[in-house]
Amino acid sequence: MHDVVLETDNLTARFGGHVAVDHVTCAFRSSELTAIVGPNGAGKTTYFNLISGQVAASEGTVKLDGREITRVTVARRTEMGIGRAFQLTNLFPNLSVLENVRLVVQARRNKGFNLFSMAASHGEITDAAEAALGRVRMQDLAGQTVSELSHGNQRKLEVALLIALDPKVYMFDEPTAGMSVDEAPVVLELIEELKSDATRTILLVEHKMDVIGQLADRIIVLHNGALAADGPPAEVIASDVVQEAYMGKALEDA
Amino acid sequence: MLIRLISGDTPRSPILAAILLIILLGLAFAPFVFPGTRSVDTAARICIFIVLVASYDLMLGYAGIVSFAHTMFFGIGAYGVALASIHMGRGFDALVVGSVSGAIAAAVLALVIGLFSLRVRAIFFAMITLAVASAFAVLVSQLSNLTGGEDGLNYQIPRALTAAQRYLEEPFFGVRVNGKLVNYYVVFFGSLIVFLILLRIVNSPFGRVLQAIRENDFRTEAIGYRVVYYRTTATILSAVAASLAGSLFAIWLRYVGPDTTLSFDIMIDILLMVVIGGMGTMYGAMIGATIFVLAQNYLQNLMGAAEEALQSVGVPLLPLFLNPDRWLLWLGILFVLSVYFFPTGVVGRLRRRG
Ligand SMILES: Nc1ncnc2c1ncn2[C@@H]1O[C@H](COP(=O)(O)OP(=O)(O)OP(=O)(O)O)[C@@H](O)[C@H]1O
Ligand SMILES: [Mg+2]
């Protein structure tokens, strides 16, 4: 078995009286792809927000490589290796596609406080950014302004930013939602490739059961913010909780 | 080489390039092309305001930070030179010490304001700068023993920079080569250097992060940049550049006072210049400052001339509106029209076309 990379212990998020994530205790190992499922509003995105730091934990802890990071800033968590793609596209709309990716590469290489060199002279950053765009087949769109991209391409760029960041822990929040049938496979193949590298830990929120069946090593189910099931895909999909709470929903979606 | 000097940030529009070149050459040869005390003084003010506006653009146009304390930093640089010249006696050493200590004071103050208030919402930072700048202005007018209060300070600068110093017996291309001419070129080259450094900063990897913060600070943090450090650094750099502009102004004027450096009117002028020229472009500062300072200095004359001309041909009513006392009204109209027709400023407009 591989080492535990990421752990949450009784992790809880409350918004006023509403408990969005309810004492979730769970560990994620390297080389493992965990699918996180649950109906709308189950707390999946909030669970991600707690791990990557956008939402402060009301209770419980997050650990990365055994170090507690519950109070660490978002930027520092990213530096430490937690990478996140967002469910709602969250880009730099008035910059070019290439510049969006360059910013990530530049962050990764700690060049942000380079004040007196010309950004354009850092060819190695541009090269790495172009390579990441190539992974989602968007190299031809490098010069476009993001706000002019189609929705599907914006979703792909969202994934490209995460690829460029190349973190230890990849967190995908419904990466293919809203993509056309010919766009989604590019992203799914990419996730499959990432999975083949044993040093990575992947968390994937996804509604489509066929995708999950194909990619996941493990499924966890969130229901009303609480961990309702956790295990190998076949087992979890067959379990009562998923049949009742989730499969009905997923079938409706399909 | 030239491209490196402007950090690869080409005007990207032939018309814009031509306008910028005209401004640059006009300022470089101002004492020869537009001789006369008043026009050379206008040229020096344009140089200084270009730096002041460009440094404000670094914050507002690139990092998206709204500050009302920019004239405070401008004033700190100016008072630095004034106080050093008074207490150390006239001399180049006093100018250097005054400029450097002004810049350091501006940097420290910007650091403190930034770290305390840039973590939170942008509107809070804007309000803090407003409060600090007002308090500073009050302090300067109260501490009249030190600062001369409302009257300001007169002091002497090295003779080598004043009209009293003659360098050539004969005029050169019709211009007297004296210390005042040298002083103009100190202002011109000082401004040029600071402007080119600011241009480099906005085109550096750091400048790109500032743009990212302006676009989406949430995502900038999520990809690993600690936004508050970048915002604070931008504020400090901007404050130092503004302070240096203030020092050049003090060297040029041989006088500092609240009205010439700290007043809120100047703060509003800076905002207008940034907006007219085009935010987030740097070159907008050149255009905005040139248009504005020229209008400030010559609109009244122009209107006076137009009033007389219209009166002499007997046009009714119109001369009334062209009375030189109404120049602020016309400046306001110019501003509204320019924002209406060029919402992205002159530079934004020209680039979109080009
Ligand atoms: N910042 C917030 N303030 C208040 N309530 C919130 C906040 N964020 C999330 N919630 C609530 O927490 C619950 C869980 O939301 P979350 O977005 O995590 O669900 P989800 O599982 O990602 O759903 P979906 O499948 O629709 O993406 C919802 O009821 C939501 O309204
Ligand atoms: Mg969600």
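Any value given below was found using the heavy atoms of this structure, including those in side chains, with hydrogens, waters and symmetry copies removed. Each chain gets a letter, A, B and so on, in the order its sequence line appears, and its residues count up from 1.
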Any side-chain heavy-atom pair from B:L350 and B:I19 closer than 4.5 angstrom?
yes
Counting neighbours of CZ on B:F116 that are heavy atoms of other residues, nucleotides or ligands and sit closer than 6.0 Å, is the number greater than 12?
no
May I ask you to decide if B:T220's main-chain N or O and B:Y225's side chain share a donor-acceptor pair within less than 3.5 Å?
no
Are B:S191 and B:L248 packed together at the side-chain level, in the sense that at least one heavy-atom pair is separated by less than 4.5 angstrom?
yes
Determine, for A:R135 against A:E193, whether the closest basic-nitrogen to carboxylate-oxygen distance falls under 4.0 angstrom.
yes
Contact class of A:L165 relative to chain B, heavy atoms under 4.5 angstrom
side chain
Among residues 52-88 of chain A, which ones touch chain B with a heavy-atom distance under 4.5 Å?
A:Q54, A:T73, A:V74, A:A75, A:R76, A:T78, A:E79, A:R84, A:F86
Within the structure provided, determine whether B:F206 and A:N114 are in side-chain contact (heavy-atom separation under 4.5 Å).
no
When B:D9 is tested against each of B:R351, B:R4, B:R200 for salt bridge (Lys or Arg N to Asp or Glu O under 4.0 Å), which residue passes?
B:R351
When you compare the side chain of A:T201 with that of A:T34, does any pair of heavy atoms fall below 4.5 Å?
no
Donor-acceptor pair, distance only, cut-off 3.5 Å: does the side chain of A:E183 make one with the backbone of A:S180?
yes
Is any side-chain heavy atom of A:V5 closer than 4.5 Å to one of A:F28?
no
If we only count heavy atoms from C-beta on, is the A:Y47 to A:V205 side-chain gap below 4.5 Å?
no
Any donor-acceptor pair under 3.5 Å linking the side-chain atoms of A:T45 with those of A:D173?
yes
Against chain B, residues from residues 139-164 of chain A with at least one heavy atom under 4.5 Å, in numeric order, are A:E158, A:L161
Below 4.5 Å, heavy-atom pairs only: which of B:R208, B:R214, B:R219 has the largest tally toward chain A?
B:R219
Taking the side chain as every heavy atom from C-beta outward, state whether A:S31 and A:T199 have any atom pair closer than 4.5 Å.
no
Side chains of B:M72 and B:I76, heavy atoms from C-beta outward: is any pair under 4.5 Å?
yes
By a 4.5 Å heavy-atom criterion (distance strictly below it), what part of B:Y230 contacts chain A: side chain, backbone, both, or neither?
both
Using modelled atom types and a 3.5 Å cut-off, is there a donor and acceptor pairing between side-chain atoms of B:S204 and backbone atoms of A:L115?
yes
Contacts with chain B made by residues 101-111 of chain A (heavy-atom distance under 4.5 Å), listed by residue number
A:R102, A:L103, A:V104, A:Q106, A:A107, A:K111
Under 4.5 Å from a heavy atom of chain A, the part of B:L210 involved:
neither
Whether the side chain of B:T232 engages the backbone of B:V228 through a donor-acceptor N/O pair (distance < 3.5 Å, no angle test) should be reported.
yes
Can you pull out the residues in residues 116-132 of chain A with any heavy atom less than 4.5 Å from chain B?
A:F116, A:S117, A:M118, A:A119, A:H122
Are the side chain of B:E221 and the backbone N or O of B:V227 linked by a donor-acceptor pair below 3.5 Å?
yes
Whether B:Y185 and B:F189 hold their rings parallel, tilted or perpendicular, with breakpoints at 30° and 60°
tilted
Measure distances from B:T233 to the heavy atoms of chain A and classify the residue's part below 4.5 Å as side chain, backbone, both or neither.
side chain
